[in-house]
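Here the structure is laid out as structure tokens; the discussion comes afterwards.
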Protein chains: 2
Amino acid sequence: MEITVQKTDNPKEKPDQGNLGFGTNFTDHMFIMDYSKDKGWHDARIVPYGPMKFDPAMATLHYGQAVFEGMKAYKSPDNRILLFRPEKNMERLNNTNDRMCIPRIDEEFCLEAIKKLVNIDKEWIPTAPGTSLYIRPFIIATDKYLGLKPSSTYKFMVILSPVGAYYPQGVNPVEIYVENEYVRAVPGGTGHVKTSGNYAASLKAQAEASARGYVQVLWLDGLERKYIEEVGSMNVFFKIDSELVTPALVGSILPGVTRDSTIELVKSWGIKVTERRVSIAEIFEEHKKGRLDEAFGTGTAAVISPIGELNWEGRSIKVNDGKTGRLAERIYQKLTGIQTGELEDDFGWTEKI
Amino acid sequence: MEITVQKTDNPKEKPDQGNLGFGTNFTDHMFIMDYSKDKGWHDARIVPYGPMKFDPAMATLHYGQAVFEGMKAYKSPDNRILLFRPEKNMERLNNTNDRMCIPRIDEEFCLEAIKKLVNIDKEWIPTAPGTSLYIRPFIIATDKYLGLKPSSTYKFMVILSPVGAYYPQGVNPVEIYVENEYVRAVPGGTGHVKTSGNYAASLKAQAEASARGYVQVLWLDGLERKYIEEVGSMNVFFKIDSELVTPALVGSILPGVTRDSTIELVKSWGIKVTERRVSIAEIFEEHKKGRLDEAFGTGTAAVISPIGELNWEGRSIKVNDGKTGRLAERIYQKLTGIQTGELEDDFGWTEKI
Ligand SMILES: Cc1ncc(COP(=O)(O)O)c(C=O)c1O
Ligand SMILES: Cc1ncc(COP(=O)(O)O)c(C=O)c1O
């Protein structure tokens, strides 16, 4: 399929790199492609970024048939534009599509489209330390119809947002509230895929944790409320004694690209990594025994987010004295080094545009 | 608050009443009201129905912060326009808002707005038997922002759709597949409120049941996969011996207005109604004993939808020989009679516009 390009006549002013925030500024262009039953995915185009006309009866607004991905582009010191394992995101998008009754996309073609779009807006990629260009591919159901069934038309779109350093003051451990009322996901549900409804469902727990003075929640399994699943919208790791432990992908956990990369990286350092059930009681027990060395979240936005404190049913523990652990710091340096092209990519994870 | 009215210059042609379908045609006008942190809900207006401009970064499209309601207006034989227990829908909408971190609406004001809108488009209310004007109030998050937090701006909207008879050939029992892989809802989640993501999550089970030749799925609880919750997007009732039984509202079931009305109505007839846990095994057991007289779903769209057959793990039972039960028929006649103003409203359920 050909991708037509219509360039903007009104390039926007680029935002100040010192004050980017996350997901508030958007670049000059966006990618759009339509789906209909008879034509399949068609009419691939890059057009000026801007508002679109949607019918008030658009299916997505009512029944939430919407899916997305999140990835980043970096400019390397020698001026290459790098993506980090983007084929993993395209693969996950199709897994999400399958679960949400949305037609599959051609992964290679969509990756080409993303590359083309990033290239057109490459002047928008920020270069200050910790900054990057966030890439948001998403699909929405566009039928104007209130019946409850999969839409017969869709739009696949990609928008780009230059984003700031997640930790303007350097990597900082956060206080986490172990959630025991609200549930994020359950096997048989949609927690293992990136669909919009998962995120709306998580807002309330997040808001109540904030009100209690915590930055994020730690999600327990929905069945027994015992086993750890994720932290905020990140995967989670614990260093217990000399081993790194993370919850196994049991069907209610999103298979994170950063999670997968962390596991591979840490194994390559000769450290044992185990994917298994981890109960919150075990974590508190190991802390008591002095064996809980570190805890951290992993995700595209923050890369590594150390956990400084965990509060569970009124009991509070400090992890590593509330300081960033050595392993978390080492993973952060190596992963961001590879992503930005500042360190050797021994894994073949980066893809040049 | 004042509601400004801007009438259309181009009234559409009204659809053929014999072939309305559900949710495909929309009337000439819609209601919109905006929310911002400083102004609260403001700028209430009735405007011509039509497409709206939305930013591609609109929060709803990405994180599914969207909620809705569904209700109907009927034209009575003596030309009154009737709503059915609309205050229940407004109350449920606010419960949904609370769970989804959306600011509450003024229930009375929104009901006034709905009445005003229906009145303006009253010529669109179909009068053929079984038809009605479907009313869809909904709220969407409108921030242009990819950070994961409750939006700071929203739109409350109401659109109207003339809808056909749910059963053009009269009430007809349907074949139901008891779902044992996918889960609709779990306590601590969002199953007890009307948010968009619940419906997207249910599409896959529905599609697989259709492929197996079933019209709908019966949802079991997400924890033990034993207890019955809902059927499709309806509440569910079983007549066992001389008693009517329905699953209790345990936090993962939507509290249906039709469910509530059915309970009250049937009780007024001197029939015992019990809200409790009902396992699928119990239903099969009672069928074996010859004590399962009837099974049916309840909801605004179909009012009453009899279940003719249940398939659970390869075993199939016919309910009431696959025919509509006497109680289901009696409830259907009485409820639709009250709704359309053809029968006396002994309960004070209808509200004249
Ligand atoms: C719910 C959830 N868990 C985990 C992750 C981390 O995944 P990734 O490392 O691919 O960004 C994300 C973010 O994408 C997420 O939304
Ligand atoms: C999931 C679900 N259950 C039950 C119902 C029935 O509720 P009501 O009788 O208020 O239409 C609906 C429809 O509104 C629904 O969406």
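To find a chain, count down the sequence lines: A is the first, B the second, and so on, and within it residues start at 1.
- With a 4.5 angstrom heavy-atom cutoff, A:Phe138 touches chain B only via side-chain atoms.
- In this structure, chain B has no heavy atom under 4.5 Å from any part of A:Arg184.
- Of the listed residues (B:Gly64, B:Ala141, B:Pro150, B:Gly188), the greatest number of heavy-atom pairs within a distance under 4.5 Å of chain A belongs to B:Gly188.
- Salt bridge absent: B:Lys155 and B:Asp43 never bring a charged side-chain N and a carboxylate O closer than 4.0 Å.
- When the candidates B:Lys53, B:Gln65, B:Gln206, B:Arg136 are compared by the number of heavy-atom contacts under 4.5 Å with chain A, B:Arg136 comes out ahead.
- Both the backbone and the side chain of A:Arg99 have a heavy atom closer than 4.5 Å to some heavy atom of chain B.
- Per-residue counts of heavy-atom pairs under 4.5 Å with chain B were compared for A:Met100, A:His62, A:Glu181; the largest is that of A:His62.
- When heavy atoms are compared at a cutoff of 4.5 Å, A:Leu203 approaches chain B by way of both its backbone and its side chain.
- Looking at B:Asn95 and B:Asp98, their side chains never bring a donor and an acceptor atom within 3.5 Å of each other.
- A donor-acceptor contact under 3.5 angstrom links the side chains of A:Tyr49 and B:Asp55, judged on distance only.
- Neither the backbone nor the side chain of A:Ser210 comes within less than 4.5 Å of any heavy atom in chain B.
- Looking only at heavy-atom pairs under 4.5 Å with chain A, the residue among B:Gly197, B:Gly50, B:Cys101, B:Ala66 that has the most is B:Cys101.
- Only the side chain of A:Phe68 comes within contact range of chain B, judged by heavy atoms closer than 4.5 Å.
- Looking at A:Lys204, both its backbone and its side chain come within 4.5 Å of chain B, counting heavy atoms on both sides.
- Among B:Val67, B:Thr190, B:Val186, the residue with the largest count of heavy-atom pairs under 4.5 Å with chain A is B:Val186.
- Residue contact with chain B, scored on non-hydrogen atoms closer than 4.5 Å, involves the side chain of A:Met157 exclusively.
- Of the two parts of A:Tyr182, the backbone and the side chain both hold a non-hydrogen atom closer than 4.5 Å to a non-hydrogen atom of chain B.
- Of the residues considered (B:Leu61, B:Ile140, B:Thr24), B:Leu61 shows the highest number of contacts with chain A, using heavy-atom pairs under 4.5 Å.
- Ranked by heavy-atom pairs under 4.5 Å with chain A, the first of B:Ala301, B:Ala201, B:Gly23 is B:Gly23.
- No hydrogens or angles considered: nothing links the side chains of A:Glu208 and A:Tyr177 as a donor-acceptor pair under 3.5 Å.
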From CA spacing to verdict: salt bridge (Lys or Arg N to Asp or Glu O under 4.0 Å), A:Arg45, A:Asp34
CA-CA 9 Å; A:Arg45 57 203 187 271; A:Asp34 295 313; 2.9 Å; yes
